[in-house]
Structures are given as C-alpha cells and as structure tokens.
Peer 1: 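Got a structure for you, written out below as structure tokens; questions coming shortly.
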Amino acid sequence: MASNDARGSEDCGPAEGPCTVLQTGGSLPAELTTFVGRHKELAETRRLLRAHRLLTLTGIGGVGKTRLALRAAEKFRQSFPDGVWLVELAELSDASLLADVVAGALGVRASAGKSPEDTLVDTLTESDCLLVLDNCEQIVGAVAALCERLLRQCRLVHIMCTSREELRIGGEVLLRVCPLTVPGDPARAQPVESDAVTLFVERAAAAVPGFVLTESVQGVVADICRRLDGLPLAIELAAARLRTLSPAQILDRLADRFALLTHSDRGAPTRQQTLRLCMDWSYDLCSPAEQQVWSRLAFFAGSVDMEAAAAVCGSDGLLDLVTSLDEKSILVREESAGAVVRFRMLETLREYGQGKAREAGCTDDIQERLSQWYTDLAAHASEEFVGPRQLEWIVRIDRELPNFRDVLERQVLQDPRRGLRTAVALFPFWNSRGLFSEGRYWLDRLLAQDVEADCSELATLVYADCVLTASQGDREALDALEARARAVDAECTDSLGHGIVALAEGTIALFRADPGSAQVRLEESLAVLAAEAAPEFLQLSALTMIGFAYELQSDGIKARHFFDEGLTVTTARGESVFRSYLLWGTGVSLWRGGRAHEAEDRLRESLRMAADVGHPLLTAVCLEALAWITAEKPDARRAAALLGAADALSHRAESLPTFLPALLVHHGTCERDIRETLGKHAFALAYRTGAELAVSGNVPALLRPAELPAPGLGSLPAGSRLTRREEQVATLIGRGLTNRSIAHELIISERTVHGHVERILAKLKMSSRVQVAAWIAGRSPTE
C-alpha cells in the first residue's frame, strides 16, 4: 500500500514517538446467525456508499441497523484496499474518549505530542478504507464532529454510521431502516413470504429444533409478526419463548409484550437483552420534553397531524420536538392525501409510551384531551359537510378513522353523552362512504345505553341509525328502530325533535315500499326542519326522500321538482354527496318517463361525483340504472357487466343493489331479459367481468365504447374446494367485512378468521381480498 509505505517509520523522528500505519484487512466479526431479507436495503446501501462518503443508517432500536451495516460492509470488503473497520460505540458514554476508541479499534497508537484525534487523522490521510461506526446516538455530537474532520482531511475514507438519529453534517446521506415486511391485511397467500415470518421461523428452529411452519400455526405466526411491527429484536425474543410456550400462547401474551420478551442471547448487548431495555435505551436518549410528547402521542391509535398533536401535547415548541422524535426514529413521517404530513408510531413504541404515561399518572388527562379534540373535530366536519370543503372533510375523517374508533370505544363506555354527539356528527361521513355496518355498530351501542340527551339529539341518533339500517335492508332491526323513534317522539317537547322523528319514519316507510305514507311524513318533516333552521344535511335528506316518494308513486314531474330544488341547493353550496343522490334520482325518473338519453347523462354525472366521494353504494346504484338503460339499446353483454359491477359494489356495502326495494322490479326484469339474450354461460362471463372491474376500481372500463375484457378469474381450481366455514368467510369478504367484523359476525376469534383467509387465498390461488370479493360476486348468479 504505497500511501502507507510513504508514511513509514523512517519519516517519524524519535522526538515524535512511534506512529502507526493502518494495517490492511479490517475488523468485521463473523456472522453467527443467518441474515434474513433486506435485499432492497442492501442494494440501496451499496448504491449510496458508492456515491457518497458518509452514510447514516437510522431507525428505532431493535430494527436491525447493525446487522444491515455489517452485511453491507462485508459486501464492500473488496472495494476498500485498506480494509473495513467496525467501531462499536454502544457502551461509550464519555464523548471525550471517542477518538481513543476509534483509534483503538483500528490499532492506531497515539504519537508523542499529538492528540488521539490528530494521530487518527494523520494515519487515515491517504487510507482507502471504510469505517463502520455502530450505535452513535448517545454521543452523536462528538461523532458528527469527528466524521466531519475525517471527511475533510482524509479524502479516501468512507464512513457508515448506525444511529437512532442523523448526524446532521454536510455530505451526510440517510437511509431509514424500517421494520421487516410482515404479512399484510389482506394477507398473502403464503405468509412465509414475508421477511418477518422467515426470521421468526429461522430463530424458532434454532430455539426448538424441528420447528416448522405448518398450516395450523402459520396464521398465528403471521399475527405475532404483525403485532410486533416486524421488529427483528422483538421477533427474535418471541421466537426464543417457544422453548416454553406455543405460538398461540405467545400471541395471547403479547398484550404485555415487555414482560414476555425478556430473554436473549447472553452475548447480546445489554440494551438488546429484553425489549424493555431496548425501549429504555431510546427513551433515555430523549429530553424530558421529548419523553412527554412521546408518551402523549402514544395514545393516538392511528397517525396524527400537527394540529391534533398540539391539542393533546400543547403547541409550545411542538414542531421542534416532533421533528426531533422523527429524527430519533420514535415517529415515522407519512405523506397523506392533500400533502398533509402525518406521523405514526409503531405499536411497540405506543405501548411503551402509554406505560410511561401511566407511571406519571397523566393517562386520564391525555384521554380527556383526545376525547374532546375528536368530538370537536367531528362536529366541525358535520357543520361544514354541506359545503365546498365536503370532499376535504371526507378525506380527513377517513384518515382519522383509527383514532375516532379508539375514542368512541372509550366514550361509549365512559361518557356516552359525548359519544352520542361524536357519533351523530360522524353519521354523514359513514353514510357517504357506505360504512353502514360500522356506523350501525356505534349507533346501536349508544342507543342501548339509553343516554340522557336532548330530544333532537336522540331523534337524530335514531334517524341516522334508520338510514344506515334501511340501506342494508335489515327489516327486523328497522322495526325496532321505528318503535324507538315513536318512544322518542312521545317524550319530545320541542318541534325540531318531532320533525327529525318524522324524517326517520318517512325514511322507514319509503324503504318499506310505502311511498304514500312516506310522502306525508317527509313533507311534515321538511316544513319543521326549514322553520327551525335545522342542519342542512337533514333538510337535504328530506328533499331527496320526498323526490323518491313521488317517483315511486309515478309522479315524475313532482319528483323532479324536489330533485331540482335539492340540486339548486347543492350546486350553490359546492356539495357532492347529496348532489350525486339527486342526480341518480333524476336519472331514474327520466328513464322511467321514457327519456333514456337524458337519463344516461344524469347517471354518468352522478357516477363521476360518486367516484370523487368514494361511495360504493352510490356507484352501485348508478351502474344498476345504467344497466337498465343499456339492456334496452340493446347491448346485453355490457348490461350484464354493469349488473355484475353493481352487485359486487353493493355486496361490499352490504346493501341492496338498487337502494330502494321498490325499484328491485327493474333489476329482475333487466337480468331476466339479458339472460334470455346471452344464454347462461355468456351472461355469467360478462357478469363476472363487471364484478372484477368494479372491485379492482376500474369502473370507467365498463362505460368505454371499446370491447369489454374477458374475465380474469375462473372457477375454483379443481381439487381445492372450500370448506363450509371458508365459504362463509369468503362470502363476508365479498361483502367488504374486515377480519374483526367477520369474527364478530361468525362468533369466532379474529385469529381464527385470519387463518381461514390465508387458506382461502391459497386454495383460490389469489393474492388479495379484492380478488376474493370479485370471485364471490362473479359466481353468485350461476354457482
């Protein structure tokens, strides 16, 4: 090595003392366990190190930064003639000793009259080597200063650091090391395909020789890896517990993961011998203010934006504190729709932060702040729902759903009066997104509480439940709600409450195909709602329903008068949801009146607005009506595809395909005529094509003049019949239910549902729930 030879002992006079020539080779330790996954990260690490001289791998403790750095460094051995050197800094707390530790790791002896840092710089001046500085976070300032000097004065030196936060010096590039991939939801057909499960299985086999991932445990192992956020340290600690516990027992004990995950390899660093010690290490690196923000943000069930964070944490210095927690990998930054930056926290970090809040005795205060913030947010969204910000509010509430669910759960149990206000305010959102089951879940629980509230609040709660229940055609539940509405009306002392009850009863009558009674009650309601200046979404609901009531009595002129009145309001307000309903009603009315061309224009416009809103039922009813028109053109194959699409989307919303039962006669006539024209086989193929296009989100393909594609999914593969229980689960997937909802419906555990989903995907040779939903919808007419 010419550069080092030029600095041999003959150039070092006796007065200077001995100097050191960096030896070739390096100091990387041999790997004792297999390296799992990280193919993309390895490739990116190598790419960045080729282009830059300082690379910092950042990430939360236990995520695998050191293993990734060592594997990448091993791959680079041949690229650095003077070696690849590991410098372990985890146990170093005195920053003044940094240069000594680095020099010692490289075998550099201090020269007389020179500081360790000067000697180190002299030795590395012409050395072509890679330094791996591992675990820099506790002395990050000193590491930054040393790295900056080395990069400036040692032109061939490359440095790779691992740290829970960046160095923040010139020339640094960052690579955030994320947890291992976990089986998603919808899960993959084979959960072992995820890196997290692969790691668990390999470490489990080491702990319990002979362990294999059988079909009976693969769903449980996948759940363990998801619950542990894909954190390698946590997964390895969990796998070690297989010596005394089964996978199912480990999963059941993860509610107290910090007590469970406590035994590691004796050779592991102290901070990695238990999950709690790993989290303690990260917590102790935070300032008291950062620790407080961590413990408060831990109570958000989903991601959080700065506005919500300020409501719970206070705004003083919050921006800098959140930035610092992001840099320390406690928070994960996310870009969301509308270019709003949000932050989320891994479940393990959330549980740790909540534990710290409990120790400090501030849990009640945090939960009160959260509860008030989300009740106010829902109220604000409801007030502005009929207006130009409607779509913006729908997107925002959609992002906040995990937080709303968490807050509502506590409110239902501890503060049902506030829960009532939150749920009533969320009703327009649930209705606009077709989340009928979810809305009913909360509204039914609150009605069962017999909450003391104002008459108009209770009436609105009952009305909201009526709409969601009627949309799903649940007649038995609707009967119970009608009785509840009458009870509220009997005790009500203000006219607004009576008007809202009239709206609920009119809506029920309409869904019972009694348009005459519906018309009477709805017109009574509209008069009261207008006089009392009721919320506009209630007034628009009454206008819309009155239009439907007249249409079902074959009075298209009066129906379109009310529809037009509603359209005038929605146009002036810049509103989309009610406008889409009103355009659909107008289209159906025009078609029934023999004006098919005008009807198609209205329905296509309604369909475009429904797509903007993201409402599956609105989309379904528009496609259904377009099928009726298309069948008359005649274009039987496209009409069959439109019916298939409408049925698939209404399955997902757990609703009737035509929204109003009285219109089902048109559905039956249309389907019968198309079947006679196409024949059984051609009808089934076209129907399945439409179902697949709708569920995959490609509704526009149904309306383009080009030839429809052939269906991509066939019948169930031979020899892979679903069991009766799997058929039930698949049907509920087709209705759009989550694993949790399926578990509730079938009275089984969520873990059992997950296992059924895994097997269904494998048997059907599919990779997502979307494909299962399309298969279910596509086979319904003939199989």
Side-chain angles (χ1 to χ4, degrees), residues 305 307-308 336-340 342 373-401 403-404 421-436 438-439 442-443 460 463-464 467-468 471 500 503 507 526 529-530 533-545 547-548 562-587 602-622 649 653 655 659 697 699:
D305 61 21
E307 192 176 358
S336 58
V340 176
R342 297 177 69 83
W373 166 257
Y374 280 104
T375 296
D376 291 345
L377 184 67
H380 193 186
S382 180
E383 289 167 4
E384 295 191 349
F385 191 80
V386 179
R389 296 187 62 198
Q390 183 183 72
L391 297 183
E392 177 186 333
W393 274 114
I394 289 174
V395 170
R396 182 171 183 181
I397 298 300
D398 197 38
R399 287 198 303 261
E400 296 284 4
L401 270 181
N403 294 313
F404 272 115
R421 292 198 297 270
T422 305
V424 165
L426 287 175
F427 158 67
F429 166 79
W430 288 325
N431 195 39
S432 70
R433 275 293 169 93
L435 297 176
F436 305 131
E438 174 156 358
W442 297 113
L443 296 169
T460 306
Y463 163 71
V467 171
L468 302 182
S471 295
I500 297 171
L503 178 60
T507 300
L526 182 60
L529 296 176
E536 280 192 305
F537 81 87
L538 292 175
Q539 296 185 54
L540 279 170
S541 296
L543 271 175
T544 305
M545 293 300 183
F548 291 142
F562 282 100
F563 290 147
D564 287 343
E565 188 175 339
L567 286 169
T568 299
V569 174
T570 57
T571 301
R573 300 289 189 275
E575 192 273 347
S576 299
V577 175
F578 284 101
R579 183 170 178 79
S580 185
Y581 273 118
L582 291 159
L583 285 167
W584 172 72
T586 302
R602 299 295 192 283
L603 291 169
R604 284 176 177 264
E605 185 180 354
S606 175
L607 191 61
R608 286 192 294 272
M609 301 199 81
D612 291 339
V613 172
H615 194 329
L617 178 57
L618 270 173
T619 302
V621 297
C622 289
L649 292 175
S655 179
F659 180 56
V699 169

Peer 1: Provide the closest heavy-atom pair for F436 versus L468 in the form atom of the first, atom of the second, distance.
Peer 2: CD2-CD2, 3.5 Å
Peer 1: CG/L649 to OG1/T619 distance, rounded to the nearest 0.5 angstrom?
Peer 2: 6.0 Å
Peer 1: Can you check whether L567's main-chain N or O pairs, donor with acceptor, with T570's side chain at less than 3.5 Å?
Peer 2: yes
Peer 1: Check E438 with R433, please: is the shortest side-chain N to carboxylate O separation under 4.0 Å?
Peer 2: no
Peer 1: Verify, without hydrogens or angle tests, whether E605 (side chain) and R608 (backbone) share a donor-acceptor contact under 3.5 angstrom.
Peer 2: no
Peer 1: Between the main-chain N or O of A378 and the side-chain N or O of S382, is there a donor-acceptor pair closer than 3.5 Å?
Peer 2: no
Peer 1: Before giving the answer on side chain to side chain contact (heavy atoms under 4.5 Å, CB included), spell out for D305 and R396 the whole-Å C-alpha distance, their side-chain angles and the decisive distance to 0.1 Å.
Peer 2: CA-CA 10 Å; D305 61 21; R396 182 171 183 181; 3.9 Å; yes
Peer 1: For D376, give me all partners under salt bridge (charged side-chain N to carboxylate O under 4.0 Å, His left out), at least two apart in sequence or on another chain.
Peer 2: none
Peer 1: Would you mind telling me which of I394, L582, L540, N431 makes a side-chain contact (heavy atoms from CB on, under 4.5 Å) with V577?
Peer 2: I394
Peer 1: Quick check for you: to the nearest 0.5 Å, what is the distance between T507 atom OG1 and M545 atom CE?
Peer 2: 4.5 Å
Peer 1: Within this structure, what is the CG-CG distance for the pair D612 and L618, rounded to the nearest 0.5 Å?
Peer 2: 11.5 Å
Peer 1: Test side chain to side chain contact (heavy atoms under 4.5 Å, CB included) on T586 and L603; report intermediate values, then the result.
Peer 2: CA-CA 8 Å; T586 302; L603 291 169; over 6 Å; no
Peer 1: Quick test of your reading of the model: are R389 and E392 salt-bridged, counting only N-O distances below 4.0 Å?
Peer 2: yes
Peer 1: Could you tell me whether the side chain of F578 reaches within less than 4.5 Å of the side chain of V569, counting heavy atoms only?
Peer 2: no
Peer 1: Are side-chain heavy atoms of F563 and L583 found at a separation under 4.5 Å?
Peer 2: no
Peer 1: After noting the C-alpha distance and the side-chain angles of L377 and W393, does the key distance pass the side chain to side chain contact (heavy atoms under 4.5 Å, CB included) rule?
Peer 2: CA-CA 10 Å; L377 184 67; W393 274 114; 3.7 Å; yes
Peer 1: Output every pair passing salt bridge (Lys or Arg N to Asp or Glu O under 4.0 Å) with a member in residues 563-573, not counting sequence neighbours, ordered by first then second residue.
Peer 2: E536-R573
Peer 1: Just by distance, do the side chain of Q390 and the backbone of S576 share a donor-acceptor pair under 3.5 Å?
Peer 2: yes
Peer 1: Kindly give the heavy-atom pair with the smallest separation between V613 and S432, and that separation in Å.
Peer 2: CG1-O, 3.5 Å
Peer 1: List the atom of A308, the atom of W373, and the distance in Å for their closest heavy-atom pair.
Peer 2: CB-NE1, 3.4 Å
Peer 1: For the backbone of S580 and the side chain of H615, can you confirm whether one donor and one acceptor N or O come within less than 3.5 Å of each other?
Peer 2: no
Peer 1: Hey, could you give me the CZ/OG1 distance between R579 and T571, rounded to the nearest 0.5 Å?
Peer 2: 3.5 Å
Peer 1: Which word best sums up how the rings of F537 and F427 line up, parallel for under 30°, tilted for 30 to 60°, or perpendicular for over 60°?
Peer 2: tilted
Peer 1: Taking the six-membered ring for Trp, are F548 and W584 closer than 6.0 Å centroid to centroid?
Peer 2: yes
Peer 1: Apply the test side chain to side chain contact (heavy atoms under 4.5 Å, CB included) to residues L426 and Y374: give CA-CA distance (whole Å), side-chain angles for both, the deciding distance (0.1 Å), then the verdict.
Peer 2: CA-CA 10 Å; L426 287 175; Y374 280 104; over 6 Å; no
Peer 1: Can you tell me how far the CZ atom of F385 sits from the NE2 atom of H380, to the nearest 0.5 Å?
Peer 2: 14.0 Å
Peer 1: Under 4.0 Å between a side-chain nitrogen and a carboxylate oxygen: does that hold for R342 and E400?
Peer 2: yes
Peer 1: What is the minimum heavy-atom distance between A423 and L443, and which atoms define it?
Peer 2: CB-CD2, 3.9 Å
Peer 1: For S606 and Y581, does a side-chain donor sit closer than 3.5 Å to a side-chain acceptor?
Peer 2: no
